[in-house]
Amino acid sequence: MNKISGIAASAGIAIARAFILEHPDYSIEKQQVDDAWAEITKLDDALEKSRIELEAIKDRTLQELGEKKAEIFESHLLILSDPEFISPVKDQIAADSLNASFVLNEVAGQFISMFENMKSEYLQERAADMRDVTKRILKHLLGLNYVSASEISEEVIVIAEDLTPSDTAQLNRQYVKGFTTNIGGRTSHSAIMARSLEIPAVVGTQEVLKQVTSGDLVIVDGLAGEVLINPSEETVAEYRVKQHEYDLQMAEWKKLRDEPTVTQDGKHVELAANIGTPADVEGVLEHGGEAVGLYRTEFLYMGRDKLPSEDVQYKAYKTVLEKMEGKPVVVRTLDIGGDKELPYLEMPKEMNPFLGFRAIRLCLDRQDIFRVQLRALLRASVYGNLRIMFPMIATLGEFRQAKALLLEEKANLAAEGIEVAEDIQLGIMVEIPSTAVLADLFAKEVDFFSIGTNDLIQYTMAADRMNERVSYLYQPYNPSILRLVNMVIEAAHKEGRWVGMCGEMAGDTTAIPLLLGLGLDEFSMSASSILPARSLIAKLSTSEMQQLAATALTCATSEEVVELVKNTLGE
Amino acid sequence: MQKTFKIIDEDGIHARPATALVSAATKFKTTESFAESNGKKVTLKSILGVLSLGLEKGDTLSLITEGEQEAEALETLQEVMISAGLGELHE
């Protein structure tokens, strides 16, 4: 047996024979032809075959996935018959007596680079549609015969380098039990599709295509992000049990999707999700998230060569707010620096980047950058329930300064006649011990706190979380951390403020009972942890968890705390 | 004939409305339809042409029809622009 690790893109376990989905070799050479008209006829023929294929895919997508997903193929059909695309191809074939595939590929390439160079991100992505259509025509022109995803007629696991939008749309849910690809990440198109189709998927394995041949028995473990090739009978039996357990559990969790999160004794807490891009909202709603507890805006700034404009940001924030339909969305202002760099800002290397010029420190210094983000946020605020929080606040002065800038931009927008929501809550991340210690004073000025445990732990323990040699000091259950969390929650509640948590700890099933006992109001985690967390919380009683937490605060070590939780939950 | 619109959709003219515009223009076989913006003029019967204008919110777009059914064609196109919330008439 062979085991490969990848990214768990869609949960669940699938066991079936491998189906290698190959994309043919489109290598095309420039050739002179004797009969240009014959080439043009070949092209017409290929276009017609592509049209028939696309009509069929469109119809099926319409039936299985709805109008919105089918629209993409309507555009593909228009491209296929676009006079600006097809006429120049025919003209050039006739004028230069060249092979159709070469000319088609050249002309398509011009459109692809046109889209790639466009200002709007949306239009840049249209290059993928152009590529998809071109490949379809080329396949017929070159007479490449390969089985497409639509022709699968038995239960399989699809193995591919990557899946294009049309591949995923062609997957027949009845037969495709799971898939795994060499490339891709959690938010790649194929991963998102897998989750909406609820097919287990592992992406980004880098080598699954090399290791698997058609007909191999494959297990896709979309929970652990692993692919097992030709497992033993025992392993298959073991995974069949896991699969069954998962399916049972899933059915139980799903019942909770539209339910509020309530403890046994009736206390409601809010389960929110952490997101990085507007596209992630889909997953939040799918998993029954009651809010977005942390929208990491730095992804808007990364992977590009200059700062994102006010409009680019405004659109992203507006999309998230609209998609959440009035549910709270906590947006964290730019948190860059530390381990996250922006090449175009040309920030000098630092000795201790985590203790350096980052997050709010950078924003207060580079007000040109910060004000643009604040304006974009304020403009978007009218489309939903926006809450804004500042990261890495160490002193009251920093918070006051950030708030003053926000108010200034609000006044500027008002002067320009632009509408801004009136009820925007303003909060801070608590990730520096100084802020936790002064929480009683902060609580008089902020609307809420969100505890960022990843950083709070590293600063409290003075241990770089990137450094493996001190990784043993990354201790979420250390009583010192619990005491700080307790301090923040008590101080906030005294002033009538609410406290959330948006670090890894909030979704951790060992930490949840403790945090519930400490009185945490909002838990923000990765979307896929929400339903398990809701299911756990429904089984707990607040009064018992308060006792548990009170005892945990008196423990001396992290191990004692873990032991205590286990004993209390009867594990 | 010609009418000018101001793009009001946040996403500009994206694939779905472009598809609707091109489909509408293509129905009028005896009428030539064009889209003009920022000094660039393209046939409205080409989705790639329309997308190549790279229209964003706030841009102005002129729709031009020439031929037998030019009035009817222009009216249909205007209907698409307005009903899809893409743009508003700009005088």
(message) For B:Gln2, I'd like to know if atom CD has over 12 heavy atoms of other residues, nucleotides or ligands within 6.0 Å.
(response) yes
(request) Determine whether B:Leu51 and A:Met118 make a side-chain contact, defined as any pair of heavy atoms from C-beta on separated by less than 4.5 Å. (result) no
(message) Less than 4.5 Å to any heavy atom of chain B: does that hold for the side chain of A:Glu71, its backbone, both, or neither?
(response) side chain
(message) On a heavy-atom basis, which atom in B:Gly49 and which in A:Asp82 lie closest, and how many Å separate them?
(response) N-OD2, 4.4 Å
(request) Scan for salt bridge (Lys or Arg N to Asp or Glu O under 4.0 Å) pairs involving residues 314-328 of chain A, sequence neighbours excluded, and state none if there are none. (result) A:Lys318-A:Glu322
(message) Suppose a student defines contact as a heavy atom less than 4.5 Å from any heavy atom of chain A. Which residues in residues 20-28 of chain B would they list?
(response) B:Val22, B:Ser23
(message) Take a 6.0 Å sphere around CD of B:Glu75 and say whether it holds more than 12 heavy atoms from other residues, nucleotides or ligands.
(response) no
(message) For A:Glu48, is the CD atom crowded, meaning more than 12 foreign heavy atoms sit under 6.0 Å from it?
(response) yes
(message) If you compare all heavy atoms of A:Glu84 against all heavy atoms of B:Thr43, which two are closest, and at what distance to 0.1 Å?
(response) OE2-CG2, 3.1 Å
(request) Determine the minimum heavy-atom distance between B:Leu48 and A:Met130, stating which atoms define it. (result) CD2-SD, 3.6 Å
(message) Are there over 12 heavy-atom neighbours, none belonging to A:Glu416, within less than 6.0 Å of that residue's CD?
(response) yes
